[in-house]
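First comes the structure, then the notes that go with it.
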Amino acid sequence: MDENYANEDFLARWIAGALTPEEQAGFEASDVHRQLMAIDNAASSLNGPDIDVEKALALVTEKNQNVQKEPTVRRLWWVAAAASIALLFAGYTYFFGYKTYSTGIGEKETVLLAGGSLIELNANSKLSYKRFGWEEDRIVDFEGEAFFDVQPGGDFKVRTSKGTVSVLGTQFNIRDRKDFKVQCYEGAIIFTPLTKSNPTELSQGMMLEIKEGQIQETKFSGDAPDWKKGYSSFVEQPFSTVLEELSVQFPVTFELNSVQTDRLFTGRFTHKNLESALKTTMEPMGIKYHISADKRIVTLSIE
């Protein structure tokens with residue numbers, strides 16, 4: 001099994017040339033060997049800094065610091081072996097690891113992928129994908145909210161907590177927070193839920209939401225999600241959803257007191273100014289608010 005090859009003891013024996021012919025043949029046929037050779041080939045074309053072998057040894061063998069010292073010649077062999085193993089695993093992590101982008105509260109970021117696809121992250125969102133082999137494996141893992149402008153090419157998939165969105169080339173928005181919503185702005189997309197439900201195809205102007213475990217399809221209008229225009233809007237949404245979105249766009253927490261959060265709200269608020277956002281959401285609901293001196297806590301009360 002490949003996992004038997006990806007451990008320090010086996011790799012140390014490989015580096016020392018101590019494998020049996022059967023072990024060597026099996027290792028050379030494994031994915032681990034293929035990937036390590038790919039790392040070696042790629043790394044050979046790079047100019048990197050000098051390696052501190054003693055430091056690499058310390059990182060790899062830290063857990064064995066209390067072991068009795070061995071003769072100098074044997075220790076030097078392990079210095080080289082440990083350093084090589086450390087470099088191999090570092091290379092493995094870099095070449096076959098994931099690139100991750102994330103935004104904090106009130107932050108937005110645009111990510112340009114190989115091939116020209118754009119992903120615009122809303123606040124408090126996270127996106128990750130494999131560093132290499134993108135053209136063969138166009139898959140991203142995502143949570144939060146983002147607008148995707150995908151260029152034509154091979155299959156493009158977005159994995160979320162509720163399921164996978166698959167496209168070839170189109171524009172769509174995904175919101176994966178406490179609520180889940182997908183809006184197709186151009187072309188067509190397919191949503192495959194994690195449950196055993198059948199995939200759902202959405203064309204331009206169609207929206208899919210998951211409410212209380214049920215998938216609902218509706219139509220919508222507009223050429224871009226509201227958050228890209230600098231505000232959040234709601235149509236008969238629970239006030240708890242409004243408070244959640246306020247906490248995504250502004251670094252505040254709410255003290256609710258006796259305020260009911262299941263009441264429905266219709267309206268919108270700007271992302272540019274906290275005071276304005278609170279005024280346009282609280283006053284229509286008959287709610288008073290007080291902002292703490294450090295602007296971190298908003299206390300709500302009924303008028």
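- In this pair, Phe269 and Phe250 present their aromatic rings tilted. The plane angle is within the 30 to 60° band.
- Both tests hold for Lys99 against Tyr101: distance to the six-membered ring centre under 6.0 Å, angle to the ring axis within 45°.
- Geometric assessment of Lys228 against the ring of Phe147 yields a positive cation-pi assignment under the 6.0 Å and 45° thresholds.
- For the 3.5 Å distance criterion, the side chains of Ser117 and Gln151 fail to qualify, holding no donor opposite an acceptor.
- Taking the six-membered ring for Trp and thresholds of 30 and 60 degrees, Phe148 and Phe172 have nearly parallel ring planes, at less than 30 degrees apart.
- Ring pair Tyr185/Phe220 is perpendicular by interplanar angle, where above 60° counts as perpendicular and below 30° as parallel.
- Exactly one of Leu300, Val259, Val242 qualifies for a side-chain contact (heavy atoms from CB on, under 4.5 Å) with Met282. That residue is Leu300.
- At a threshold of 4.0 Å, the pair Lys130-Asp137 counts as salt-bridged, since one of the basic side-chain nitrogens sits closer than that to a carboxylate oxygen.
- Distance alone, capped at 3.5 Å, is enough to place a donor-acceptor pair between the Thr103 side chain and the Ser125 backbone.
- Thr241 places no side-chain N or O within donor-acceptor distance of the main-chain N or O of Gln237, the cut-off being under 3.5 Å.
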| request: Could you check Gln249 against Asn122 for side chain to side chain donor-acceptor pair (under 3.5 Å), going step by step and ending with a plain yes or no? | output: CA-CA 9 Å; Gln249 300 299 335; Asn122 194 1; 3.2 Å; yes

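- Looking at Glu143 and Lys162, no side-chain N of the basic residue comes within less than 4.0 Å of a carboxylate O on the acidic one, giving no salt bridge.
- At a cut-off of 3.5 Å, with distance as the only test, a side-chain donor of Ser161 or Asp176 sits close to an acceptor on the other residue.
- Annotation: cation-pi geometry not satisfied between Arg263 and Phe239 (NZ/CZ under 6.0 angstrom from ring centroid, within 45° of ring axis).
- Side-chain atoms of Ser247 come within 3.5 Å of backbone N or O of Leu243 as a donor-acceptor pair.
- Salt bridge status for Asp223 with Lys229: present, with a side-chain N to carboxylate O gap under 4.0 Å.
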